[in-house]
Amino acid sequence: MGTESELQASVQALVQKGKGILAADESAPTIAKRFAAIGLESNEENRRAYRSLILGTPALSDSISGVILFEETLMQRADDATPLPQLGARMGLVPGIKVDAGKIALALAPGDEITQGLDGLGKRLAGYKQQGARFAKWRAVYNVTDTLPSRAAMQTNAHALARYAAICQEQGVVPIVEPEVLIDGAHSLARCAEVTQAVLHEVFQALFDQRVVLEHLLLKTSMVLPGKAHAQAATPSEVAQATLRVLRRTVPAAVASINFLSGGQTPEQASANLDAINRCGVQPWPLSFSYGRALLDPALKAWGGQASRVRDGQSALLKRARLNAAACQGRYETAMESSG
Ligand code: 13P
């Protein structure tokens, strides 16, 4: 298959009405934090058991099209020795891979961060592809204050995201471009909107400059929300209106899909806000989810690291996946939380 048709086929497999993408690509420090919350040690065997639980969840593919994996998972095997990416593919889930190497402080820009990992990326991608990955993810993060992020941070992260996306497309791997405006801090909804607009504007300029084909990428972005420490919470309808206003101003209609990250919202908030966004009428792009915590936290709790509770973990994951699939179509109701 040529690169173009390969990209097109993977986009079609990922972007399906009423389905989202699961982010199960927690890096080593992040998974250690998630496991610590349930009193579980982060060792290779526990991580293998956890990722096997996720990828082996029956009927998950009714509401999830693809799963983003961490590098380690590509090489792990299920109990029956099936490589985990193949287990996912067998279950109807397109395997993807987080390819960035995490964030560090941005030089000469106190408070700002930059994501690294571009060196040797083309070669790494070729290897990941052989192991079954058909799409990739790169996350840039933006801290918000009255003065942050700086222009330098916005331009530098946009450049890195665009270079990553270009390298992916050249390899026939669909890039998920993820600029995350962080929820940490006391900033207002209006400040988040202002920052998100500037960030996305910069990202799409850089994608254009690097000749990235918009039809062959997915945008994974944060919703427009007030900071966690802000005095006033926002209603789902306020979040929806502010988010759509910014997206309509900055994201070309050619983009294949927008899949939100949950970014520290509770699972219920993430579903209610996505639902409100999808109740605002037809938009130029499908508006779906690519949640990590909002899908997996309840599953982690229900599993608790116990082999005897794998089914409980899978049911908890399936429930959140289904609720978010409903939210993709503006059909989520709070009452659905207490059933199933
Ligand atoms: P959250 O939904 O937990 O924010 O994770 C999404 C993700 O992939 C972060 O890179």
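Numbering of ligands and ligand atoms starts at 1, following listing order. Bear in mind the structure is a predicted one, so any value in this text is a computation, not a measurement.
Here K137 has side-chain heavy atoms under 4.0 Å from ligand 1, and that is the only part of it that gets that close. The part of A23 lying near ligand 1 is the side chain, judged by heavy-atom distances below 4.0 Å. Contacts with ligand 1 closer than 4.0 Å are made by heavy atoms of both the backbone and the side chain of R293.
Between the side chains of E215 and Q8, no donor N or O sits under 3.5 Å from an acceptor N or O.
Separation of the F35 and Y50 ring centroids falls under the 6.0 Å cut-off.
A salt bridge is defined here as a Lys NZ or Arg NE, NH1 or NH2 lying under 4.0 Å from an Asp or Glu carboxylate O, and R151 with E202 meets this definition. For the pair D297 and K301, the salt-bridge criterion is not met [side-chain N within less than 4.0 Å of a carboxylate O]. Of the charged side-chain nitrogens involved, none lies within less than 4.0 Å of a carboxylate oxygen, so that E71 and K98 do not count as a salt-bridged pair.
Between Y291 and ligand 1, no pair of N/O atoms sits closer than 3.5 Å. Checked by distance only, ligand 1 and S290 stay at 3.5 Å or farther apart across all their nitrogen or oxygen atoms. Any N or O atom pair closer than 3.5 Å counts here, and E178 shares at least one such pair with ligand 1. For ligand 1, one of its N or O atoms has an N or O atom of G292 under 3.5 Å away.
Put simply, the residue from K137, R139, K220 that forms a salt bridge (Lys or Arg N to Asp or Glu O under 4.0 Å) with E180 is R139.
Those atoms of ligand 1 with a heavy atom of G263 less than 4.0 angstrom away are 1 (P), 2 (O), 4 (O). Short contacts between ligand 1 and K220, defined as distances under 4.0 Å to a heavy atom of the residue, involve ligand atoms 6 (C), 7 (C), 8 (O). Of all atoms in ligand 1, numbered sequentially from 1 with element shown, those under 4.0 Å from a heavy atom of S262 are 1 (P), 2 (O), 3 (O), 4 (O).
A continuous path of Ile, Leu, Val, Met, Phe, Trp and Tyr side chains, each step under 4.5 Å between heavy atoms, connects L244 with L274, placing both in one hydrophobic cluster.
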